[in-house]
Structure formats: structure tokens, C-alpha cells
There are 2 protein chains.
Amino acid sequence: METAEVTKRLREQGITPTNQRIRIAAVILEKTWHFSAEQLLEETNREGKVASKATIYNTLDLFARRGLVKQLVVDPDRVYYDSSTHHHHHFFDPDTQQLFDIQPDQIDIKLPAALPAGKEIADVSVVIQLRSAQQTVKAA
Amino acid sequence: METAEVTKRLREQGITPTNQRIRIAAVILEKTWHFSAEQLLEETNREGKVASKATIYNTLDLFARRGLVKQLVVDPDRVYYDSSTHHHHHFFDPDTQQLFDIQPDQIDIKLPAALPAGKEIADVSVVIQLRSAQQTVKAA
DNA sequence: CTGCTTGCAAAGGCTTTGCAGAACA
DNA sequence: TGTTCTGCAAAGCCTTTGCAAGCAG
């Protein structure tokens, strides 16, 4: 994605476009992918240092609040982000720490009618943990 | 739950029953609840010190591997555990960091037919994030 | 100019680990 | 007795923060 378009996207979300944010957003929006803060940092600075670790964390937080990326809680060890904010679900492979999208037509949920009092649904997340098919689980 | 029964449960799961493990398991199995390592530590030592933080973490890891408790990944800040290993899903309220069970008959999922090659499903987790009902979400 | 943004390094919170002493079988 | 378990403190890892310098408008 070219700088001009990224800048436009940022302004549309009410985000002041700085050099770092433009570069970071360009890296994120370049493709559909799942990434950790660490991975984003590395990718952002691949061709010369653009942003620090602190800026990556601050920017991810900002982007998530503005709906540019979606935070995923699937790995107990770190937070992942999704460059796609469309509502979809995930496979998670703990062996490789990889996330795969589940296409919306592949899954279907009937949500509960009753919610705790005074609450409404903010988000629904379905995570299917994978394991190698030949692996047998020892009986408990 | 009395000591004798807890001890029996531990042996059934192939866990050597030590003083600490018996007390920890008794606290966990006393009721149906969701807890963090910190909460379990506090509850375990409520009436006199029984176990250290290291032992709590080691024991939780062991219990989870043996299927006595279930690890929940719902909060980016810490891992929660569930004293019930029956398959069910959760509401999570980020404001209070509280988890509520969703009764199995309240939710219904049609799982994907296609899985990544060589993989099978290890676990399915549905987490419904809540927010206060009157709260309006600012348009992005 | 004036306020927001960035970066460094240090701090913070949760979790794991090394190692010596204690408990289990 | 030999192995496993426990506890303390220190270390580790991911993430946040304080503060001074830099950039956007």
C-alpha cells in the first residue's frame, strides 16, 4: 500500500499520521496476517530502523482502539494481532504458534439468549486449538 | 472435599499426593470457579501457609496436564484456570476480570469440516467478551 | 509555538528456573 | 535410600512507563 493511501486510512480513523505510524500501518496492511508485537517490530525495521519497541506497543494499542487491527488472545505467552478486522475465527497451532483463519461459512454459532444483567456482547471469539493428527492423547 | 477423597482423585490422575498438592486440589475442587495463580495462592494459604508461589505454578501446570483443571486463555494479562473440565464456554467481563460459564444448552457451534492438513482438533474455546449495556461504542 | 509523539532505559507484573533441603515410596 | 517435590530468590519475558528531545499542525 502506498504512503498516500495509508495516510488517508489513518486520518479516516482519526489517527495523526507520523512517519512511524505510516510505516507501521503500511507493514500491517500490506497483507492479511497475524503477528505479535515482536514480529511487527522486526518487519517494520527490516529496511532500516523506523520505530522503537515502545512505539510499536503504543501504536498497536492505538490502532486496536481505533479498529485498524484486532487484538487476539489465543496464546498464553503473548498477544497477537490480526490485520483483518472482519469478524472471523481462528485455528491456533500451539506447536508452531501459528494462527489460521476459519472462513465464516465454515463455522456457525448460535449465541446464548441470556446474558449477565446489564451487559451486552462486545465480541465473540472462537479458537480451535489444533494438534498433530497422529498424536494420541493419554487417557487421564 | 475431604482429604481422603482428594488423595484418591490425585492418585487416579497419576499424581503423587503431597501435603501441598492435597491442599491445593482441595481448594480447587471445593467448588466450581475460575481463578488465577495468584488467587489460588491466596486461597490455599488462607488458614496458614501451605504452599509457595513456585509450587502453585508448578502444581497448576501439572494439574492442567493431567486434566484436573483446564487452562483458559481469555485475558491478555494473566492465565486463568477452571475447576470444571467439562466442556463449556465463557463470558468474560474485562471491566471486572470475571468469568462466567455459558451453559452448554445456551450455545451451539457447527465446527468446520476442513482442518489444516495433518491436524486434528484438540480443543474448542468460545469466549464472549462483555461490556456494559448502556455504554455506546464510538464509531470508528 | 504548543501539544502530541518518539525513544531509551528502567520498571513492572506474571511466570519460570536453579539449587539446596525436605518429603515420598 | 533414591527419586521426586518444595521453596526461596533470582532471572526471564512481555509489556508499560518516565522523561527529555523531536515532529505535526
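Below, read A as the first sequence line, B as the second, and so on, with proteins coming before strands; counting in each chain starts at 1. Just so it is clear, the values below take in all heavy atoms, side chains as well, and ignore hydrogens, waters and symmetry mates. Note that the coordinates shown come from a computational prediction; the quantities given were computed from them, not determined experimentally.
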In whole angstroms, the gap separating P of C:dT15 from CZ of B:F35 amounts to 12 Å

Chain B reaches DNA chain D, atoms under 4.0 Å from its heavy atoms, from D:dC5 to D:dC8

Distance check: side-chain N/O of A:R21 vs OP1/OP2 of C:dT6, anything under 4.0 Å? yes

Would you call the rings of A:H90 and A:H34 parallel, tilted or perpendicular, taking 30° and 60° as the class edges? perpendicular

Side-chain contact test, heavy atoms from C-beta onward, threshold under 4.5 Å: evaluate it for B:I107 versus A:K110 and give yes or no.
no

Separation of C:dT15 atom C1' from B:L41 atom CG, nearest Å, is 13 Å

How are the rings of B:H89 and B:H87 set relative to one another: parallel (under 30°), tilted (30 to 60°) or perpendicular (over 60°)? perpendicular

Separation of C:dT15 atom P from B:Q39 atom CD, nearest Å, is 11 Å

Walking DNA chain D from its 5' end, the first of B:D77 and B:N19 to be reached, judged by nearest nucleotide, is B:N19

Exercise for the section: Answer yes or no: is there an ion pair linking B:E5 with B:K8, defined by an N-O contact shorter than 4.0 Å? Expected result: no

Whole-Å distance, B:Y80 OH to C:dT15 C1', equals 15 Å

- Message: Check this for me: A:H86, atom NE2, are more than 12 non-hydrogen atoms of other residues, nucleotides or ligands nearer than 6.0 Å?
- Response: no

query: Just checking, is any N or O donor in the side chain of B:D82 or B:H88 under 3.5 Å from an acceptor N or O on the other one?
result: yes

Q) Can A:F92 be reached from B:V79 by stepping across I, L, V, M, F, W or Y side chains whose heavy atoms are under 4.5 Å apart? A) no

From CZ of B:R65 across to P of C:dT16 the rounded distance in Å is 11 Å

Q: Mind checking B:R11 for me? I need base, sugar-phosphate or nothing, with any heavy atom below 4.0 Å counting as a touch.
A: sugar-phosphate

Subject >> Verify same cluster id: A:L99, A:V127 (apolar side-chain graph, 4.5 Å) >> reply: yes

In numerical order, the residues of residues 49-61 of chain A whose heavy atoms come under 4.0 Å of DNA chain C are A:K49, A:V50, A:A51, A:S52, A:A54, A:T55

When rounded to the nearest 0.5 Å, the distance separating CD1 of A:I109 from CD1 of B:I109 is 6.5 Å

Whole-Å distance, B:Q71 CD to C:dT15 C1', equals 11 Å

To the nearest angstrom, the CG-C1' distance between A:L10 and C:dC4 comes to 15 Å

* Would you indicate, yes or no, if C:dA23 has its OP1 or OP2 atom less than 4.0 angstrom from a side-chain nitrogen or oxygen of B:Q20? => no

Taken to the nearest whole Å, CG/B:D75 to P/C:dG13 is 15 Å

